[in-house]
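Accompanying notes for the structure given below.
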There are 2 protein chains.
Amino acid sequence: MNQQGLNNKELIVEAADQLFYQYGYSQTSFSDISDKAGIPRGNFYYYFKTKDDILTAVLTQRHQLIKQLLQDCENYSNDVKAQLIYLLEVLLRDEENIVKYGCPVGTISSELSKSSVNLQMQVTDIFETLRQWIEIKMLAAGLAERSKSLSMEMLARLQGVTVLANVYHDIDFLRQSIQQHKQWLTDLLNAN
Amino acid sequence: MNQQGLNNKELIVEAADQLFYQYGYSQTSFSDISDKAGIPRGNFYYYFKTKDDILTAVLTQRHQLIKQLLQDCENYSNDVKAQLIYLLEVLLRDEENIVKYGCPVGTISSELSKSSVNLQMQVTDIFETLRQWIEIKMLAAGLAERSKSLSMEMLARLQGVTVLANVYHDIDFLRQSIQQHKQWLTDLLNAN
DNA sequence: ACAAATATAAGACAGTCGTCTGACTAATGC
DNA sequence: GCATTAGTCAGACGACTGTCTTATATTTGT
């Protein structure tokens, strides 16, 4: 695969990533991606045999992004509490889009849970990457056997806030909830 | 409209309701609904001019159901705390389907937020019916000016738990979270 | 009993979907 | 320098989409 070819594949995945987020997977057509990426529709088959293959590539990219964000948190501070709070900020940084389209991982998960079982597992993996990192940080903070359920609780809180902010298109609620979540984390980690 | 006609319209809405929940709105075709309802596809146009009209009818039905559930809570007890806890149980009663397909209102909301703006407002109305009822109950419990934000927090918690239970297909997590939510409500209402 | 309105049924319609083929060009390996 | 592979492009394919028309049957009001 030459330079140009790699570039085209990346362009397709990048366009698909944005479109899947904004319009959903099933509502995005090859033509939509083609138009956005500026690459002829017929050419897609060379890179991806099926539409599901494109989604797989997009999900892999989103998974990579999450891993990168976690790494950023590691680099941000040596303090576990600061890392967790920073994760919160990083995940909800893109306020406008979250309010408009919801969580990029959560929304694709609920779409896929209604159709493609095997693809949904890939999304579960992304959640699991996040959850495990959070659990490890909580363990490090001395939360012991509560860490696992607390990591689930943290993810659930994040998803809930995201869904509600999206339902009401309320960016202020999103911001207030982030503050509230920070307080929850602070209390949790200080109590120990 | 005669008896038979009313019946057919209800059959269509009923079939569509289930299919929209299980497969999503855009992934459900007229043919799917036709097959499930046992009514010829061509006949649909007599009752609904567009697919959106069917969704409107389905959303109206779901809204009615929620209002009915709230009424059930009113009838269940005179105690505000008992009413709120009962609401929790009623909303998450259908555990298997929540784990498989998520929240019937939340998932359609996130699908619609990616396409149809006007239809999504109808879903926001459903949330608002729920939220206002919760707020009123909290006001009655003496939570005063905190009631509004607490009603949002309660909805967010419910949605978050639902999303996570769906992501992991974990019915035990759902049950534990309900218990946890009950405790949260109890603490909240007793503290006052 | 007859006219009008309501309801049911079947299928046509244009458009779009994801997929695939074949022809063409560019790059690579020997 | 030639054969082989990798990459690009346009367009065809059948299947399916939501919508709409037409024809027929049933019910209703008078």
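Numbered from 1 within each chain, the chains take letters A, B, ... in sequence-line order.
R41(B) places its CZ atom 8 Å from the C1' atom of dT17(D), with the value rounded to the nearest Å. Protein atom CD1 of I33(A) is 15 Å distant from nucleotide atom C1' of dT16(C), rounded to whole Å. A straight line from CG of L11(A) to P of dC9(D) spans 12 Å, rounded to a whole angstrom. Put simply, CD1 on I39(B) is 18 Å from P on dG11(C), counting in whole angstrom units. Summarising the geometry, the separation between NZ on K51(A) and P on dC16(D) is reported as 16 Å, rounded to the nearest angstrom. The distance from atom CZ of F30(B) to atom P of dA12(C) is 19 Å, rounded to the nearest whole Å. We find that CZ of F44(B) is positioned 12 Å from P of dT19(D), with the value rounded to whole Å. We find that CG of D52(A) is positioned 11 Å from P of dG18(C), with the value rounded to whole Å.
Of the charged side-chain nitrogens involved, at least one lies within less than 4.0 Å of a carboxylate oxygen, so that E74(B) and K137(B) count as a salt-bridged pair. Using a 4.0 Å cut-off between a side-chain N of Lys or Arg and a carboxylate O of Asp or Glu, E153(B) and R157(B) qualify as a salt bridge.
Contact between the side-chain N/O atoms of Y45(A) and the OP1/OP2 oxygens of dC20(C) is found at a separation under 4.0 Å. Between S31(A) and dC17(C) there is a side-chain N or O to OP1 or OP2 distance below 4.0 Å. Using a 4.0 Å cut-off, no side-chain N or O of S29(B) falls inside it from OP1 or OP2 of dC16(D).
Looking at heavy-atom distances under 4.0 Å, T28(A) makes contact with sugar-phosphate atoms alone, never a base.
No donor-acceptor pair under 3.5 Å is formed between the side chain of S115(A) and the backbone N or O of Y23(B).
Remark: the Q122(A) side chain and the T60(A) side chain contain an N/O donor-acceptor pair separated by less than 3.5 Å.
DNA chain C is contacted by both N43(A) and Q27(A); Q27(A) maps to the nucleotide lying nearer its 5′ end (nearest heavy atom per residue).
Taking the side chain of P40(B) as heavy atoms from C-beta on, and the options dG18(C), dT19(D), dA9(C), the nearest nucleotide is dA9(C).
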For L130(A) and L91(A), what are the C-alpha separation, side-chain angles and deciding distance, and is it a side-chain contact (heavy atoms from CB on, under 4.5 Å)? CA-CA 11 Å; L130(A) 257 175; L91(A) 284 178; 4.1 Å; yes
